[in-house]
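This report refers to the structure that appears directly beneath it.
Per chain, numbering begins at 1; letters A, B, ... match sequence-line order. Note that this is a predicted model, so its numbers are computed, not measured.
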Protein chains: 2
Amino acid sequence: MNLQSKNNKKELNPSLSVDCVIFGFDLDQLYVLLIDSGSTEAYSQSRMAVPGDLIFDTENLDEAARRVLKELTGIENIYLEQIGAFGDPNRIGKKDSDRKWLESIRAEPNARVITVAYYSLVRMPNFNPKASSFAKSAGWAPVKEVFDLAFDHFDILQAGLDQLKRKIKIQPIGFNLLPEKFTLSQLHKLYECILDKALDKRNFRRKILNLNILTNLEEKQIGVPHKPSQLFKFNEENYKKLSEEGFDNFGF
Amino acid sequence: MNLQSKNNKKELNPSLSVDCVIFGFDLDQLYVLLIDSGSTEAYSQSRMAVPGDLIFDTENLDEAARRVLKELTGIENIYLEQIGAFGDPNRIGKKDSDRKWLESIRAEPNARVITVAYYSLVRMPNFNPKASSFAKSAGWAPVKEVFDLAFDHFDILQAGLDQLKRKIKIQPIGFNLLPEKFTLSQLHKLYECILDKALDKRNFRRKILNLNILTNLEEKQIGVPHKPSQLFKFNEENYKKLSEEGFDNFGF
DNA sequence: ATTTGAAAGTGTTCAAAAGACACATAGCTA
DNA sequence: TAGCTATGTGTCTTTTGAACACTTTCAAAT
């Protein structure tokens, strides 16, 4: 940082926000939590976006992201990782609909806003949007059915998804999307959804079991109309040992 | 982004900067370009930092980073990748020396500054700090000998190094650090320096040659006091083909 | 009671890649 | 011409990845 140029007119004092791409998984497909930032008095069209807020004075970036998540979903201690900063001068004013919305709602609709994007993984059943007060118009959308979002939020979503794909190959963060007790099939399905490709069932099981980061709960599914599956949970201690040994590849 | 809370006192209008971790390689070890932001009239202690500047009104984040690089080194078209945003409220005021420096040089020494960090890879001989007008006090420091930098720049350096390690395993960006013509030993050494571990010579050669992204120039080193080595160059076309086929692992 | 449907669970074989390892060669220099 | 120094090369073993099909268990329907 070179802040010697004290009074250069060209310098920037933008607003700064965080935006959170919140992923969920319902044992069948991957979802993202979207809010409808339209449907206000002044702007009535639906306008899906990733939740976010301006950053406060005293909080660091992670804290701001956690606050947004907490306010929206009530959930704390969520898995959270920074995607990066998005700061195109025109990022919030590219589309007509964005400009109209900004005019309807902001004192300075042309002010530049730079955002720091995060993605996070939550256990979907822990958050039912309908039950939240904040989220009058929040809901889970299947990631594959999202094509268009406010501002550059579609780019942010894609960047989050890319990072999740990369990350899940080198750290077992996927457990944050599953219930505490889960079956190998569910885990298998999760990896297929995130990586967006089919994985051989037997090979997947062998590999994940060989990692030794699952504890077999010696407990079975009940009430399912087929052979009941063993339930497992994530074994954090073994995972710690594994990572200390310098583990860095799931190889899926 | 949820900008509905127009006039909330707690919101933030920070300054925004970019900081660039510029890596170089002299065929022997990895270097980082540092500037001495001390040695001004008002503050005379040496104070090494990564180069950076405030972001201007009209430029996007990548452009700002490129501008900093250009101004400092005169080099354009450098390989550049965002590391992420660093925004701890206290990131520039943690150390006594930082606070003193800020007081000596800034109108509002306590103003919050959020920075977007980049790392970039340059061919060291293309930039000799001594020859640059801007960089009266810029110089290359061996990465392994850097222990302490201004603000949170040491953290930023480490984050850049980590990202470089990760990235070089899935994209051959290392060529940006080598001269256009290089030997396999030089490439080998580069990978060892970045990954900070020994790699078997024969296995390395086999793997890198099998990728088919090197063109043998049928040209030899001259004047070396040992068996002269073949020279190679990076074959961009073959690399493009390779990545389109879905290549994502160097496996070192 | 029997059948049906649906997902669970399980091993082997083949091919490819990773890892370990040692000596002859070419050019400079003294 | 002897010595130094880094180059360049191949094989074997082990590990990992990929392909592949049938039996089992339970609930639900008949």
Can you give the donor-acceptor pairs under 3.5 Å from side chains of residues 219-231 of chain B to other protein atoms, not counting sequence neighbours?
residue, atom, partner, partner atom, Å
B:E219, OE1, B:K181, NZ, 3.2
B:E219, OE2, B:K181, NZ, 2.9
B:Q221, OE1, B:S229, N, 3.0

**Report entry** By salt bridge (Lys or Arg N to Asp or Glu O under 4.0 Å) - contacts of A:E63 (at least two apart)
**Finding:** none
Query - Residue list, ring-ring contact (aromatic ring centres under 6.0 Å, His included) with B:H188, at least two apart or on another chain - result: B:F204
Report summary line: residues 187-201 of chain B vs salt bridge (charged side-chain N to carboxylate O under 4.0 Å, His left out), sequence neighbours excluded, gives B:K144-B:D196
Qualifying residues under side chain to side chain donor-acceptor pair (under 3.5 Å), relative to [X], sequence neighbours excluded:
X	result
B:D62	B:Y118
A:N235	A:T215
A:Y31	A:D26, A:Q29

Query raised in the report: Which letters describe nucleotides 5-11 of chain D, given B = protein heavy atom under 4.0 Å from base, S = only from sugar-phosphate, - = neither?
Result: BBBBBBB
Query raised in the report: What are the bounds, 5' to 3', of the part of DNA chain C that sits under 4.0 Å from heavy atoms of chain B?
Result: C:dA18 to C:dC28
